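Position 1 is the first residue of the sequence; numbering continues from there. Owing to the predicted nature of the structure, the values given are computational and were not obtained by experimental measurement.
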Amino acid sequence: MEDVKDKIKRLREELHQHNYNYYVLSAPVISDFDFDMKMKELQELENTYPEFYDPNSPTQRVGSDLNKRFAQVVHRYPMLSLANTYSEGEINDFYERVKKGLNEKFEIVCELKYDGTSISLTYKNGELVQAVTRGDGIQGDDVTDNVRTIRSIPLKLHGKGYPDEFEIRGEILMPWTVFDALNKEREEQEEPLFANPRNAAAGTLKLLNPSTVATRKLDAYFYYLPGGNLPTDKHYENLLKAREWGFKIPYTTKKCSSLEEIYEYINYWNVERKNLPIATDGIVLKVNSLLQQKNLGFTAKCPRWAISYKFQAEQAVTTLRSVSYQVGRTGTITPVANLDPVQLSGSMVKRATLHNADIMEGLDLHIGDRVFVEKGGEIIPKIVKVDAGIADRGEKVEFIKNCPECGTPLIRSEGEAAHYCPNETGCAPQIKGKIEHFVSRRAMDIDGMGPETVDLLFRLNILKDASDLYQLQWQELARLERLGEKSAKNIVAEVEKSKQVPFERVLFALGIRYVGETVAKRIAKNLKNIDAVRNTSEEELTGIDEVGSRIAQSLKNYFSKDYNTILIEKLKTAGLQFSLDESILAEQTNKLQGLTIVISGTFTKHSRDEYKALIEQHGGKSSGAVSKKTGLLIAGENMGPAKLEKARAFGIKMINEDEFLEMIR
């Protein structure tokens, strides 16, 4: 019995973490199928052993994407999730349950399940008044300002016959073309890529700046009107009315009267969905009659009148022709498989990532192998296995030992998966990559200096490193191909404007390995100027929140090289900002000096990230774990029991958010 209890506990912990990865971080680490299988296993154990019931079990709630930076709104009608199925047999079981539950004729509406982020819109007198995310199903984030930027969502309704006030629900989506362009931009900056359009849409919808949301070109499809006071008592007919009012109602929706029609729909769209401009991952089946829906009712988590069928991840078989190697701006070497072109998930695939030497070795690749390529929502296709049935195989693929661009022997640091080229000053892709990173929007934001222009100026020996940007003359640029006087003057003006970019972004722009935007901000706020960053010991650096030993070592390694310190001196002379702005410094105090503070729970006045920033602003250190060194714990609602128990055991003082804000007032 103890083994069962431990297994239930472990499954709950895993599912809680996966819920957090999916809904909060928008960074899932397992497939939907694997998640559903774990949930199903937990449900079966809980049903068999009801003595281990827990009201906070993942089976008792809908996963949450709540974000405390937005106002919270309680849903008038809860946004419940649907039970998932993966076989025609389970579809048959659902159909038979509905048939038995109603004991009368019924229709099933089949809809494509769009792979985006759920939204609920409220309209009053024909105008959009509120947009709320699904959240935890009971309440969600008010993202009205962001949703107003989505052009396919009507701000004012068309036609007539709509209720004075009603809700409509649908999915915010990022089209494949927009998604590919966004990831291409992120790849050029060597930033983490979005795993799929769903994550990209969810992350975009929770951005704080609506103008940035507008540039992402999101789309929205609608599929459900909850509540009463609707035009008809049929789900499908209400959707047709909503289309007349200006909503984007998919034409792929179909009303079916038999299991055979449902199976035909599934089989058709399992193939045809690959030609759609947006991502789909299944089909939703709903009883059409609202009265019949009401009679069937709900379980604790799902409606009994609806179910979703999930498509299996798509695979294709093709031939491996060669392996090439890309060099990133930090020297990281990425192997890429070059394949015979094959159609996969709506696009022609010619290349697939191989990630690193270990994964290549695990696949045991040979030139000419027949390989299985899978997309299944992933951004970049990947090879999942090799056809083992081929007896006569070609040359085995071995990871290279020298840089493909400059010939320098590659290095692989202990504990790391990637190989990299150490020739930072003589390897062309690294030099150009560092300049491209330096001028990018999130760094120095020098408009007009795209990869083509950087490449041109590098080939002409005009740009050898980022400091050369500040020596550019428009007269010289105007004589070059593809530029001209207007473009040349714009570039020089943008370079001059970049001298006002704040220190934390300049630090990020330097392109120090592992120092991303967030880490650069943390370091800048703690150390205040570039000389302090250079002279701070590795041990002291790791005392800064989010700076681990790997980042600290990278910083010390960067400043140990003469060519980097010379670059910084050149940039200083050019007039760049290498210390925090005086206004930011004026807001900093020592009220929390020497205190290590842990934040736990949920808060209403500020987000956890904002509280971390306040702690650092006032001289304290934010930590994620309770220990004997913890000086204070800020306790919010639903605080973790383990942290609470530890804090009490160590005698740590606990305060609420009001008391903390009073401390730093």
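Ion pairing between a basic and an acidic side chain is recognised when a charged N comes within 4.0 Å of a carboxylate O; R198 and E171 show no such pairing. With respect to R76 and E167, no salt bridge is recorded, no charged nitrogen being found less than 4.0 Å from a carboxylate O. Salt-bridge check for R10 with E14: passed, with a basic side-chain N closer than 4.0 Å to an acidic carboxylate O. A salt bridge is defined here as a Lys NZ or Arg NE, NH1 or NH2 lying under 4.0 Å from an Asp or Glu carboxylate O, and R12 with E46 meets this definition.
Cation-pi geometry between R304 and F94 is not met: the NZ or CZ atom fails to fall both under 6.0 Å from the ring centre and inside 45° of the normal. Relative to the six-membered ring of F311, R273 meets both conditions, a distance below 6.0 Å and an angle of at most 45° to the axis. The side-chain tip of K248 does not point at the ring of Y221 from less than 6.0 angstrom away and within 45° of straight on.
Each of T280, D281, T252 was evaluated against Y114; a single residue qualifies, T252, per the side-chain hydrogen bond (donor to acceptor under 3.5 Å, both in side chains) test.
Between the CG atom in L614 and the CD1 atom in I599 there is a gap of 9.0 Å [rounded to 0.5 Å]. Interatomic distance, OH of Y77 versus CZ of R169, reported as 9.0 Å (0.5 Å rounding). For the atom pair CZ of F298 and CD of Q293, the computed distance is 7.5 Å after rounding to the nearest 0.5 Å. We find the CG-CD1 distance between D219 and I172 to be 8.5 Å, quoted to the nearest 0.5 Å. Note that the CD1 atom of I138 and the CD atom of Q72 stand 13.0 Å from one another [nearest 0.5 Å]. One distance of note links CD1 of I307 with CD1 of I91; it measures 6.0 Å at 0.5 Å rounding.
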(request) Quick one: do Y268 and Y263 satisfy ring-ring contact (aromatic ring centres under 6.0 Å, His included)? Show the steps, please. (result) CA-CA 8 Å; Y268 176 81; Y263 292 150; over 10 Å; no
(message) Let's go through Q292 and H235 carefully: what are the C-alpha distance in whole Å and the side-chain angles of both, what is the deciding distance for side-chain hydrogen bond (donor to acceptor under 3.5 Å, both in side chains) to 0.1 Å, and is it a yes or a no?
(response) CA-CA 11 Å; Q292 289 178 337; H235 166 67; over 6 Å; no
(request) Test E111 against T253 for side-chain hydrogen bond (donor to acceptor under 3.5 Å, both in side chains), laying out the working first. (result) CA-CA 5 Å; E111 308 165 358; T253 302; 5.1 Å; no
(request) Apply side-chain contact (heavy atoms from CB on, under 4.5 Å) to the pair K385 and I383, showing each step before the final yes or no. (result) CA-CA 6 Å; K385 63 179 178 178; I383 294 175; over 6 Å; no
(request) Could you walk me through whether Y123 and E165 pass the side-chain hydrogen bond (donor to acceptor under 3.5 Å, both in side chains) test, one step at a time? (result) CA-CA 6 Å; Y123 285 79; E165 180 177 351; over 6 Å; no
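Remark: the backbone N or O of E88 is not paired with any side-chain donor or acceptor of N92 at under 3.5 angstrom.
In this structure, W245 has its ring center under 6.0 Å from that of F166. Checked against the 6.0 Å centroid criterion, the rings of Y309 and Y265 do not qualify as a close aromatic pair.
For the salt bridge (Lys or Arg N to Asp or Glu O under 4.0 Å) test, no residue two or more places apart in sequence or in another chain qualifies with E272.
By the neighbour-count criterion of 12 heavy atoms within 6.0 Å, atom NZ of K113 is densely surrounded, having more than that number from other residues, nucleotides or ligands. The environment of NZ in K217 is sparse: at most 12 heavy-atom neighbours from other residues, nucleotides or ligands sit within 6.0 Å. Under a cut-off of 6.0 angstrom, the local environment of CG in D164 is sparse, with at most 12 non-hydrogen atoms contributed by other residues, nucleotides or ligands.
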